[in-house]
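Throughout, a chain's letter reflects where its sequence line sits, starting with A, and its residues are numbered from 1.
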2 protein chains.
Amino acid sequence: MRISDLAARSGLSTKTIRFYEQSALLPAPPRTPGGYRDYPEQAVARLAFIRDSQGAGLSLAEIRSILVLRDSGQAPCAHVTALIHQRLNDIERRLTELAKTRDALNGLARRAALTDPTSCRESDICTILSSVREKPRG
Amino acid sequence: MRISDLAARSGLSTKTIRFYEQSALLPAPPRTPGGYRDYPEQAVARLAFIRDSQGAGLSLAEIRSILVLRDSGQAPCAHVTALIHQRLNDIERRLTELAKTRDALNGLARRAALTDPTSCRESDICTILSSVREKPRG
DNA sequence: CTAGACCTTCCAGCGCACTGGAAGGTCAAG
DNA sequence: CTTGACCTTCCAGTGCGCTGGAAGGTCTAG
């Protein structure tokens, strides 16, 4: 299978496929006499796996670490489980942070709705945003 | 005030302050005869404003757009309000996506807990992750 | 033989917000 | 005069996951 066929079947661009090869995610395939990459069927599954893993929030580096294990003949289950829990932690943390930012923004939106533009002085730059923190002295 | 003093009072590095000047966030200050930057007091407030705005989730480009307005003598209230609502939209969307990813990962974690490592065949790479999508044929 | 669709390699850039380092200038203390 | 803390500019790199483009090779149809 040539690279453009693999691209069509995987939904990735040929650029991305070559990039994955260079990133050690996809093994270098054999070449035709003319020098073209000639992929086996399994390449489709491999790319699908990469996509699924990305969908699960794993980085390419993490996906590579799974593939390295698998390619060395080991079952990567324990590793995968650990990665999943790490990601879960990350995501929980980011969710918390984002929710905090959202709450702050909602507060600002409420303040903005009450702001009289004529009350803004140049030295404040913008009273809506400036008074996010209480200033010890003004 | 020299740049290191401003750095100390703003909690930023001198590198960052010069970067902000180059990014048109902080006006270029006058120089001493020796060529050193010599900041006025207001610079502290300006950097504090930038930090507050970043804390509200605004990008440097957005903050710049506010400062440009203010520096041109206009009250940026309407603009700021629009930015806040845009950010709120972005954040809500990201929260939704992250929550979806978290749910997917929780599903995977549950599946992983039930996985028998001996059931993994090499062709699957990893059954925990591979079966995220149902395959039409296997 | 030629057009053009595909392939190859290599290098470079995106966006974001910095950060690091080299090479050199300034200034106050001793 | 020297040391050393500070300052200057400029260039380049970080991480992430690609994406673009140039310059050239291969293969098929007509």
Side-chain angles (χ1 to χ4, degrees), chain A residues 1-26 28-39 43 46-67 83 86-87 90-91 94 97-98 101, chain B residues 1-26 28-39 43 46-67 83 86-87 90-91 94 97-98 101:
Chain A
M1 189 187 338
R2 277 189 306 176
I3 196 167
S4 63
D5 300 325
L6 180 58
R9 292 182 57 185
S10 66
L12 298 170
S13 70
T14 58
K15 280 283 188 190
T16 301
I17 292 171
R18 278 188 282 256
F19 170 73
Y20 282 179
E21 177 181 325
Q22 202 200 297
S23 307
L25 288 161
L26 189 62
R31 300 291 180 119
T32 66
Y36 291 6
R37 287 174 177 81
D38 187 19
Y39 291 97
R46 182 116 172 173
L47 291 179
F49 173 76
I50 293 172
R51 243 192 351 172
D52 290 346
S53 305
Q54 275 192 305
L58 300 187
S59 71
L60 293 185
E62 289 168 335
I63 297 168
R64 179 166 44 240
S65 70
I66 296 171
L67 290 170
L83 286 177
Q86 271 175 40
R87 277 291 122 206
D90 286 3
I91 286 180
R94 281 205 290 160
E97 262 179 38
L98 268 187
T101 303
Chain B
M1 187 188 337
R2 279 188 306 176
I3 196 168
S4 62
D5 299 326
L6 181 57
R9 290 182 57 185
S10 65
L12 299 170
S13 70
T14 58
K15 281 282 189 190
T16 300
I17 292 172
R18 278 187 283 256
F19 170 73
Y20 282 178
E21 177 181 325
Q22 202 200 297
S23 307
L25 289 161
L26 188 64
R31 301 290 179 119
T32 65
Y36 291 5
R37 287 174 177 81
D38 187 20
Y39 290 97
R46 181 115 174 175
L47 291 180
F49 172 77
I50 293 173
R51 243 193 349 173
D52 289 346
S53 304
Q54 275 191 306
L58 301 187
S59 70
L60 292 185
E62 289 168 334
I63 297 167
R64 179 166 45 239
S65 70
I66 297 171
L67 290 169
L83 286 178
Q86 272 175 40
R87 277 289 122 207
D90 286 2
I91 285 178
R94 281 204 289 159
E97 262 178 39
L98 267 187
T101 302

**Q** Can you measure from CG (A:Leu6) to CG (A:Leu47) and round to the nearest 0.5 angstrom?
**A**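 Separation between the atoms: 5.0 Å.
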**Q** Please give me the minimum heavy-atom distance between B:Pro29 and B:Glu21, naming the atom from each residue.
**A**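 The pair with the smallest heavy-atom distance is CD-OE1, 3.5 Å.
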**Q** Would you say B:Arg18 has more than 12 foreign heavy atoms packed within less than 6.0 Å of its CZ?
**A**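 Counting other residues, nucleotides and ligands, CZ of B:Arg18 exceeds 12 neighbours.
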**Q** To the nearest 10 degrees, how far apart in direction are the end axes of the helix from C:dC1-D:dG30 to C:dG30-D:dC1, each fit to five base pairs?
**A**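 End axes: 40° apart.
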**Q** CD1 of B:Ile3 to NZ of B:Lys15: how many Å apart, nearest 0.5 Å?
**A**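 If I round to the nearest 0.5 Å, the distance is 10.0 Å.
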**Q** With side chain to side chain contact (heavy atoms under 4.5 Å, CB included) as the criterion, how do A:Arg2 and A:Thr32 come out once you've worked through the C-alpha distance, each side chain's angles and the decisive distance to 0.1 Å?
**A** CA-CA 9 Å; A:Arg2 277 189 306 176; A:Thr32 66; 5.7 Å; no
**Q** So does A:Gln22 get a side-chain nitrogen or oxygen closer than 4.0 Å to the phosphate oxygens (OP1/OP2) of D:dG17?
**A**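 For D:dG17, OP1/OP2 do not have a side-chain N/O of A:Gln22 under 4.0 Å.
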**Q** From C-beta outward on B:Ser4, which listed nucleotide comes closest to its side chain: D:dC7, D:dT8, C:dA17?
**A**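 Out of D:dC7, D:dT8, C:dA17, the nucleotide with an atom closest to B:Ser4's side chain is D:dC7.
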**Q** Once rounded to the nearest 0.5 Å, what's the spacing between atom CZ of B:Arg64 and atom OG of B:Ser59?
**A**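 Nearest 0.5 Å value for the CZ-OG distance: 8.0 Å.
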**Q** Provide the closest heavy-atom pair for B:Ser4 versus B:Thr14 in the form atom of the first, atom of the second, distance.
**A**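 In terms of heavy atoms, the two residues are closest at CA-CG2, 4.0 Å.
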**Q** Nearest-nucleotide wise, let me know which of B:Glu21 and A:Gln54 is further upstream toward the 5' end of DNA chain D.
**A**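 Result: B:Glu21.
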**Q** Could you check how far CZ of A:Arg37 sits from P of C:dC6, rounded to whole Å?
**A**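 Between P of C:dC6 and CZ of A:Arg37: 17 Å.
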**Q** Pick base, sugar-phosphate or nothing for B:Arg18, based on heavy-atom distances below 4.0 Å to the nucleic acid.
**A**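 Here B:Arg18 touches the bases of the nucleic acid.
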**Q** For A:Arg31 and A:Gly35, which heavy atoms make the closest approach, and how far apart are they?
**A**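 So the two residues come closest at NH1-O, 2.9 Å.
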**Q** Using atom CG of B:Asp90 as one end and atom P of C:dC16 as the other, report the distance to the nearest whole Å.
**A**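 That distance rounds to 12 Å.
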**Q** Which of residues 5-15 of chain A have a heavy atom under 4.0 Å from DNA chain C?
**A**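 Nucleic-acid contacts, sorted: A:Lys15.
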**Q** What is the separation between atom CG on A:Leu47 and atom P on D:dG17, rounded to the nearest whole Å?
**A**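 Roughly 15 Å, once rounded to whole Å.
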**Q** Does a side-chain N or O from B:Tyr20 land closer than 4.0 Å to OP1 or OP2 of C:dA17, or not?
**A**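 So the side chain of B:Tyr20 is outside the cut-off, no N or O lying under 4.0 Å from OP1 or OP2 of C:dA17.
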**Q** Kindly compute the distance separating CG (A:Leu25) from CZ (A:Phe49), expressed to the nearest 0.5 Å.
**A**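 Rounded to the nearest 0.5 Å, the CG-CZ separation comes to 10.0 Å.
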**Q** Is B:Arg31 close enough to D:dT9 that one of its side-chain N or O atoms is under 4.0 Å from OP1 or OP2 there?
**A**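 Yes, B:Arg31 has a side-chain N/O under 4.0 Å of OP1/OP2 on D:dT9.
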**Q** Out of curiosity, A:Arg87 CZ to B:Thr101 OG1, how far, rounded to the nearest 0.5 Å?
**A**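 So the gap between those two atoms works out to 10.5 Å.
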**Q** For the side chain of B:Phe19, counting heavy atoms from C-beta on, which of D:dC18, C:dC6, C:dC18 is nearest?
**A**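 Minimum distance to the B:Phe19 side chain belongs to C:dC18.
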**Q** B:Tyr39 OH to D:dC6 P: how many Å, rounded?
**A**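 In whole Å, D:dC6 P and B:Tyr39 OH are 16 Å from each other.
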**Q** In Å and rounded to the nearest 0.5 Å, what is the CG to CD distance from A:Leu58 to A:Gln86?
**A**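 So the CG of A:Leu58 and the CD of A:Gln86 are separated by 10.0 Å.
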**Q** When the distance from CD1 of B:Ile63 to C1' of C:dA17 is rounded to whole Å, what number comes out?
**A**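 Distance, rounded to whole Å: 11 Å.
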**Q** Nearest whole Å is fine: how far is D:dC7 P from B:Met1 CE?
**A**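 In whole Å, D:dC7 P lies 12 Å from B:Met1 CE.
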**Q** From CG of B:Asp38 over to P of D:dT8, roughly how many Å is that when rounded to an integer?
**A**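 Distance, rounded to whole Å: 10 Å.
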**Q** Report each atom pair, protein N/O against N/O of nucleotides 23-25 of chain D, whose distance is under 3.5 angstrom.
**A**
from: D:dG25; atom 1: N2; to: A:Tyr36; atom 2: OH; distance (Å): 2.8

**Q** Round to the nearest Å and state the distance from B:Arg2 atom CZ to C:dC27 atom P.
**A**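 For the pair B:Arg2 CZ and C:dC27 P, the rounded distance is 10 Å.
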**Q** Considering every strand and a 4.0 Å limit on heavy-atom distances, what is the contact class for B:Thr32: base, sugar-phosphate, or nothing?
**A**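 The residue B:Thr32 makes no contact with any strand.
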**Q** Should A:Ser65 and A:Leu83 be marked as a side chain to side chain contact (heavy atoms under 4.5 Å, CB included) after you check the CA-CA gap, both sets of side-chain angles, and the distance that decides it?
**A** CA-CA 10 Å; A:Ser65 70; A:Leu83 286 177; 3.9 Å; yes
**Q** Stepwise, does the side chain to side chain contact (heavy atoms under 4.5 Å, CB included) test hold for A:Ser23 with A:Leu60?
**A** CA-CA 9 Å; A:Ser23 307; A:Leu60 293 185; 5.6 Å; no
**Q** Out of C:dC18, C:dC7, D:dC18, which has the shortest distance to the side chain of A:Ile3?
**A**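 Of the candidates, C:dC7 comes closest.
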**Q** Take B:Leu60 and B:Gly35, find for each the nucleotide of DNA chain C with the closest heavy atom, and name the residue whose nucleotide sits nearer the 5' end.
**A**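 Checking each residue's closest nucleotide, the 5'-ward one belongs to B:Leu60.
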